[in-house]
Structure formats: structure tokens, C-alpha cells
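Worksheet: one structure, shown below.
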Amino acid sequence: MNPTTKKNLNLFIFFVLAVVLLYFAFRGIDLTTLTQGFRNADYLWVLLSLVVGTAAHFIRALRWQLLIEPLGFKPSLWNITGALVTGYVANLVFPRLGEITRCGTLRKTDKIPFESLIGTVLVERAFDVLAILLLTLIVFVIRVEFFGKFLWEKALIPLGDKIQSALVVSPLLIVAGVLVIILVIVLIRRNFFGKKFHSKISSLFWGLIDGVKSVFTMKKRVAFMGYTLILWLLYWLMTWLLIFSTQTTSSLSAIDALFLMVVGSYGMAAPVQGGFGAYHVMVAMALGIYGITWEEGLIFAVISHESQTLLVLALGVGFMIYFFFRNRNVKFTQ
């Protein structure tokens with residue numbers, strides 16, 4: 001199977017998965033109820049959440065800038081933000097493509113080695129994973145009797161069952177996978193795939209190392225942690241503002257908003273384009289704990305997800321147009 005066919009097949013599979021999840025979320029739903037819910041929503045709160053969401057994008061760009069500086073480059077905040085939101089748009093097409101896209105965009109605008117940028121993105125993602133795990137623990141501890149039941153029954157137990165099933169049913173596959181990785185490493189070291197391939201792999205490996213080292217060599221580690229804290233506070237505030245947009249969720253508290261943010265984050269991390277379907281199902285299920293109907297939960301989930309998706313599209317497309325015309329001007333003057 002050639003790379004293009006394989007890529008298109010993967011894209012189709014993830015698209016089908018998103019469609020299946022959306023179908024599961026909206027099957028049997030009264031469209032009249034949904035339409036009326038959207039009409040009754042207070043979009044002033046949605047607008048305020050979009051302002052906070054925009055601020056969060058800039059904070060994430062500032063944090064990424066701190067990881068890039070130890071590499072010996074100083075791209076502008078404008079270029080970094082543009083690369084970031086362009087990557088978000090790419091994620092709407094293919095899961096995890098955004099990380100590659102934003103690194104490729106910044107490589108074009110500031111001539112930064114792609115491999116090193118990938119390393120900084122991995123570090124950034126690692127800190128985000130740690131943050132969401134910490135927030136999950138905080139939510140679990142604050143109101144364990146309420147939130148704990150949902151997280152335990154809907155997230156942790158299914159995850160544990162899948163891991164246990166994989167370990168019990170297919171241990172040989174795991175061993176075989178490790179052996180294959182070792183074999184590939186040996187073949188690469190012996191130039192089995194050719195010097196050009198070996199050079200690319202070596203460049204990627206050391207680029208990743210440079211990216212990981214940047215978190216230890218940057219001079220503004222306190223600022224990096226501060227930006228991380230501010231970023232997740234903004235995400236929390238963004239969710240808190242959104243709960244006032246619908247009548248059924250307006251009575252929820254700030255702690256409830258934190259819970260919804262955590263659940264929504266797991267939905268967005270699902271391997272589907274832009275979290276479509278997975279986010280809606282997870283958030284609607286979470287709101288069911290409060291006695292909110294599935295329809296009303298979906299109304300909130302759609303308003304929350306699609307408003308931020310439209311923001312990403314507007315910012316991403318705007319920056320892509322800007323980069324396109326700027327590059328044309330540069331080439332013309334040369």
C-alpha cells in the first residue's frame with residue numbers, strides 16, 4: 001500500500017469514527033427541542049468565552065516561544081500564534097496532524113529545524129497531559145462522591161479493562177512489538193534502509209533530544225510553569241462562562257465547570273477530527289449526572305464545541321491567508 005493510499009484510508013477511518021460517534025450522540029433526538037434550545041441560548045456568554053479562548057491561544061503561543069528560544073531562535077509571537085492555530089485547523093482534517101503542521105509552518109516562516117520543533121511540541125504535550133491528570137485528581141478529591149462515580153465508571157474502569165484485556169489476551173503481540181522495534185533500530189544503525197534514511201532518522205532523533213533539553217536549558221522555567229497555570233485557568237474560565245449560555249446549565253458552579261472542562265478535555269483527546277462526536281458524547285454524559293436531559297446536554301456540548309471550532313477556523317484561515325500573501329511578497333522582492 002503506497003503512502004498516499006494509506007493516508008487516505010486512515011483519514012477515512014477517523015472520519016467514519018467521528019460520524020459514528022455523532023450518530024450515537026444525536027440518534028433519537030427531537031430536532032425541534034435542539035433548535036429551540038439553540039434559539040434560547042444567551043450568546044453573549046458564548047462571545048465572552050471566545051474572547052477568553054483567543055487569550056488562551058496567545059498564552060499557549062507564549063509558552064511555546066519559551067521552549068523555542070533555547071534552540072537559538074527567536075520567532076515573533078505573531079508567527080508562533082499563526083503556526084499554532086494553523087495546526088488546530090489541520091487537526092479538524094486529520095487527528096494529530098496539527099503538531100506536524102504547526103512545526104512545518106514555523107519552519108517556513110522562521111527557518112527553524114523541523115526536528116527540533118517536534119521535540120518542543122512533545123514537551124509541551126507532556127506538560128498538558130500532566131496538567132489534565134492533576135486536574136482530574138483535584139476534581140476527584142474535591143467531590144469524590146459526585147464526580148468520582150462518573151470518572152470511575154465511565155473512564156477509569158473501561159480504560160483499565162482495555163489494558164487488562166490487551167495484557168491477558170495478546171501478550172505475545174506486545175513482546176513481538178518490542179522485538180520489532182529493536183530489530184528496526186538495529187537495521188537503521190547498520191544502514192539497511194540506506195544512508196539517506198539513516199540520516200533522516202538520526203536528524204529526527206537528535207532534534208527530539210534538542211526539544212526535550214530545551215525545557216531544562218531555558219532560563220524562564222518559572223514563566224513556563226506560570227503560563228501553563230494561566231492557560232488552564234483560562235480554559236476553566238472559558239467553560240465557566242459557557243455554562244451561563246443555556247438555562248439548564250446556568251445554575252452549575254465553578255467546580256462543576258472544572259469537571260466539565262476535564263471531561264471535555266478527554267473528549268478532545270479522542271483520535272477523531274477535532275474531537276467531533278467524542279466531545280459531545282462525553283459532555284452530554286457528564287451533564288446527565290446533574291439530571292440534565294441528553295438533549296439539553298447536547299445543546300450545551302454543541303454550543304461549546306462548535307463555537308470554539310469556528311473561532312479556530314476563523315483564526316487559522318486568517319493566518320493562512322496572511323502567510324500566503326506574505327510569502328508571495330517575499331518571493332516577488334527577491
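Treat the numbers as computed from the prediction; the structure is a model and nothing was measured. Side-chain atoms are counted along with the backbone in the values below, which use heavy atoms only and exclude waters and symmetry mates.
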> Quick one: side chain to side chain donor-acceptor pair (under 3.5 Å) partners of Q65, sequence neighbours excluded?
Replying inline: none
>> Please enumerate all residues that pass side chain to side chain donor-acceptor pair (under 3.5 Å) together with S304, with sequence neighbours excluded.
In response: Y279
> Which pairs, with at least one residue in residues 50-72 and sequence neighbours excluded, count as a ring-ring contact (aromatic ring centres under 6.0 Å, His included)?
Replying inline: H57-Y88
>> Which residues pass the side chain to side chain donor-acceptor pair (under 3.5 Å) test with T109, not counting sequence neighbours?
In response: none
>> Going by the rule ring pair (Phe, Tyr, Trp, His ring centres under 6.0 Å), which residues pair with Y235 if we only count those two or more places apart in sequence or in a different chain?
In response: W232
>> Suppose we screen for side chain to side chain donor-acceptor pair (under 3.5 Å). Which residues come up paired with S253, at least two apart in sequence or across chains?
In response: D256
>> For residues L67 and V222: do they belong to one hydrophobic cluster (side chain heavy atoms under 4.5 Å, members Ile, Leu, Val, Met, Phe, Trp, Tyr)?
In response: no
Mind listing the side-chain donor-acceptor pairs of residues 128-135 below 3.5 Å, one per line with the distance, residues two or more places apart or on another chain?
{"from": "D128", "atom 1": "OD1", "to": "R63", "atom 2": "NH1", "distance (Å)": "3.3"}
{"from": "D128", "atom 1": "OD1", "to": "R63", "atom 2": "NH2", "distance (Å)": "3.0"}
{"from": "D128", "atom 1": "OD2", "to": "R60", "atom 2": "NH1", "distance (Å)": "2.9"}
{"from": "D128", "atom 1": "OD2", "to": "R60", "atom 2": "NH2", "distance (Å)": "3.3"}
{"from": "D128", "atom 1": "OD2", "to": "R63", "atom 2": "NH2", "distance (Å)": "3.2"}

>> Once salt bridge (charged side-chain N to carboxylate O under 4.0 Å, His left out) is applied, do any residues pair with R107, and if so which ones, sequence neighbours excluded?
In response: none
>> Using the ring pair (Phe, Tyr, Trp, His ring centres under 6.0 Å) criterion, which residues pair with F73? Sequence neighbours excluded.
In response: none
>> Suppose we screen for side-chain contact (heavy atoms from CB on, under 4.5 Å). Which residues come up paired with V317, at least two apart in sequence or across chains?
In response: M320, I321
>> A side-chain contact here means heavy atoms from C-beta on lying under 4.5 Å apart; do N91 and E99 qualify?
In response: yes
> Taking only residues two or more places apart in sequence, or in another chain, which ones meet E69 in a salt bridge (charged side-chain N to carboxylate O under 4.0 Å, His left out)?
Replying inline: none
> F319 vs Y322 aromatic rings, parallel, tilted or perpendicular, using cut-offs 30° and 60°?
Replying inline: perpendicular
>> Going by the rule side-chain contact (heavy atoms from CB on, under 4.5 Å), which residues pair with L48 if we only count those two or more places apart in sequence or in a different chain?
In response: W45, L241
> Is it the case that one hydrophobic cluster holds both L66 and L229, taking links as side-chain heavy atoms less than 4.5 Å apart, direct or via other members?
Replying inline: yes
